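Take a look at the structure set out below.
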Amino acid sequence: MSTVPVHTLADAEIGSSLWRDAWLRLRRNRLALAGFAVLALFILVAILTPWIAPYDYAQQNLDLGAAPPSADHWLGTDIFGRDLLTQIMYGGRISLAVGFIATAVALIIGVGWGAIAGYAGGRADAVMMRLVDILYALPFMIFIVLLMVVFGRNLLLLFLAIGAVEWLTMARIMRAQVQSLRQQEFVEAAVSLGLSPLVIIWRHVIPNALGPIIVYTTLTIPSVMLLEAFLSFLGLGVQPPETSWGLLISFGAETMEEYPWLLFFPGLVLALTLFALNFLGDGLRDALDVRGAKD
Amino acid sequence: MWRFIGSRLLQAIPVLLVVITVTFFLIRIAPGGPFSSEKAVIPEVKAALEAQYRLDRPLLKQYIAYLGDLVQGDLGPSFKYPGRSVNELIAAGFPVTAELALYALLVALSIGVGAGVVASLRPNTAQDYIPMSAAMVGICIPSLLLGPLLILIFGIYLDWLPVSGWGDMPGDKILPAVTLGAVYAAYIARLSRAGMLEIMTQDYIRTARAKGMPEWRVVVVHGLRGGLTPVVAFLGPAFAGLLSGSFVVETIFQVPGLGRFYVQAAFNRDYTMILGATVFLSCLIVTFNLVSDVLNAWMNPRLRGRLGSST
């Protein structure tokens, strides 16, 4: 997502104006911009957490115990007297990292798979997409639970397992894009110039299919973050002493009767992040004029 | 139509075989044997146990024997609860989960279709914005947050509804069903709004209106059939989602269903239970996807040729 398509001199004029149009449209969508701002803020905080966190992550204060929000502890403290804001900041690092890294895994596999299948066509395409069909029918949530049981609750595995689930739709979208792009004259021109298929896919096909990919990527991140929260809530995801928003919500729910803030604030940041990503995704879809990426 | 159903059935078989095979071998490479948690077992007892669970045979033979049992509908004994079979555990848990999923689906369909159709009748007015904003909220508040919040509000502060259990007290099924169904209500609302918006501009709707048909009949008789196609297509994935969503909801509300059994089996490393439940749930999901596809093809004949392929 962070890569901007490389424009050669020849396509600079058309290319940049298309992207500028999209940017202008996006700028008019206030909800999408608000989502972008919230997201940027959360990411910035997550990156800077080790330097700006108000308290030490593991620092307990058993005398204080669970205290409601106050001037010292803006969001209160948990039952061990640990600062909740600090916990949420560190938890956000993991929740956001899972969201972005797993989506990146899904993006790489899905785009690669879809581009090759769509470009190759014929029998290779049929076999590759039939495999996607079969995988689609599998109950993946159950498989992730299974994987976490079998391989222990390993964070890296969590990233990979979630990424491995989410690439299927990406592959379908990419394949459809490639199939329509293949017919275009500039691709035929590249073929007749004798460029290798990989170069054609990388330089000419993928940059032109970026719109739907960006939109779907933005909409994949929240569903991945939900999966992580879901697993951590069940105790099968992130393990203490590490923490994530899903785990904080799970602990908050256990003591919500006495200490409702322990449920409320982690829940609020998770919901806000999901809102931000969904609004940004919807805004990008309208701005880039992509149809059918979701819904 | 029969050919369509037949070809879909044929596609389901390799899917199930992949599930069974992958699950079976994954479980075998998991660390820790089934009896490693017990204290030192006498060798003879261990041998007897292993013979009972067929662990003394070569892996491939175990696999073939397991497939043979499966064909006869036997999922084998539970590792964790000696003397109880996985079939019994599933038979105890599944009716509860099925009931929960059914209520959640009813909640999702009634609220979702209602809100979506109402919103689609006057697009870009308050009648559209209010239900669609509510749907956005529903999508962004996952069940693991919604459940505790509902318990806090309706169970503890207002004290209207029981906060846990299933069938023990009147009204204790309401909160779990709403928690599980809320997200799907939101998705269904968006799908049915989009579907209705597209259908209501079609020529045949204009014809129906031109005949002087009352507007409610136009919407209900002609609009819904075409407009709800995306919702019917969504039912298969939604059902799979409801089953895995029941893991969280049953844990929150302490509902003794299959989802909670599955999570507990995962914690206890009750491998035969995990294997059996995975196979069982996969069969269910594959079946439901099939039913959803067939329903969809029946409602929308144009799809019949296309659905079999991947595009």
Side-chain angles (χ1 to χ4, degrees), chain A residues 31 117 125-126 128-130 132-152 172 175-176 179 222 225-226 229-230 232-236 245-246 249-250 252-254 256-257 260 263-264 266-268 270-279 282 294-295, chain B residues 11-12 14-16 18-19 22-23 26-31 136-137 139-149 151-152 156 183 187 190-191 193-194 230 236-237 240-241 243-245 247-248 251-252 262-263 265-267 269 271 274-275 277-278 281-282 284-286 289-290 309-311:
Chain A
L31 279 174
D125 176 44
M128 288 174 86
M129 293 323 280
R130 180 47 50 89
V132 170
D133 286 345
I134 290 179
L135 291 176
Y136 238 115
L138 297 183
F140 262 114
M141 194 55 230
I142 296 167
F143 252 101
I144 292 187
V145 172
L146 190 72
L147 280 178
M148 298 319 287
V149 173
V150 173
F151 294 109
R172 283 191 177 176
R175 173 174 171 269
Q179 279 191 327
M225 292 184 66
L226 265 181
F230 181 103
S232 296
F233 185 87
L234 290 176
L236 294 166
W245 290 342
I249 291 173
S250 150
E254 281 168 23
M256 62 184 175
E257 215 168 321
L263 172 69
F264 183 72
L268 186 68
L270 178 65
L272 271 180
T273 310
L274 296 179
F275 264 117
L277 282 161
N278 277 311
F279 279 135
D282 283 355
K294 215 166 188 182
D295 295 64
Chain B
Q11 281 181 38
V15 171
L16 288 176
V18 169
V19 171
V22 170
T23 315
L26 263 184
I27 293 282
R28 297 295 137 146
I29 59 170
M136 194 70 185
V137 173
I139 286 173
C140 293
I141 299 188
S143 61
L144 57 112
L145 181 57
L146 184 64
L149 285 179
I151 289 180
L152 207 55
I156 294 169
V183 170
Y187 279 121
R190 298 178 93 179
L191 286 173
R193 174 182 178 271
L243 281 183
S244 46
F247 295 6
V248 160
T251 305
I252 295 174
Y262 193 79
V263 174
F267 274 112
R269 301 186 164 264
Y271 290 150
I274 298 174
L275 180 57
T278 304
L281 289 172
S282 307
L284 266 181
I285 288 171
V286 168
N289 277 332
L290 189 78
S309 66
S310 69
T311 39

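Worth knowing before you read on, the calculation uses all heavy atoms, side chains too, and leaves out hydrogens, waters and symmetry mates. A note on names: the letters A, B, ... follow the listed sequences, proteins ahead of strands, and every chain is numbered from 1. These figures come from a predicted structure and were not determined experimentally.
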Working to the nearest 0.5 Å, report the span between CG of Leu263(A) and CG of Leu149(B).
5.0 Å
Quick check on Phe279(A) against chain B: is it the side chain, the backbone, both or neither that has a heavy atom closer than 4.5 Å?
both
Heavy-atom contact with chain A under 4.5 Å, split by part of Ile252(B):
side chain
Which atoms form the tightest heavy-atom contact between Cys140(B) and Asn278(A), and what is the distance?
SG-ND2, 3.4 Å
Atom group of Val263(B) that falls short of 4.5 Å from chain A, counting heavy atoms:
side chain
For Phe275(A), which atoms come within 4.5 Å of any heavy atom of chain B: side chain, backbone, both, or neither?
both
If you compare all heavy atoms of Asp282(A) against all heavy atoms of Met136(B), which two are closest, and at what distance to 0.1 Å?
OD2-CE, 4.3 Å
Atom group of Leu144(B) that falls short of 4.5 Å from chain A, counting heavy atoms:
both
For chain A, which candidate among Leu243(B), Ile141(B), Ile156(B), Leu284(B) shows the most heavy-atom pairs at distances under 4.5 Å?
Ile156(B)
Check Leu270(A) against Pro142(B) and note the closest heavy-atom contact, atom names and distance.
CD2-CG, 3.9 Å
Region of Ile249(A) in contact with chain B, defined by heavy-atom distances below 4.5 Å:
side chain
Interface moiety of Ala229(A) toward chain B, non-hydrogen atoms closer than 4.5 Å
both
Drop me the distance from Leu152(B)'s CG to Phe264(A)'s CZ, to the nearest 0.5 angstrom.
10.5 Å
Does any heavy atom of chain A fall under 4.5 Å from the side chain of Ser143(B), the backbone, both, or neither of them?
neither
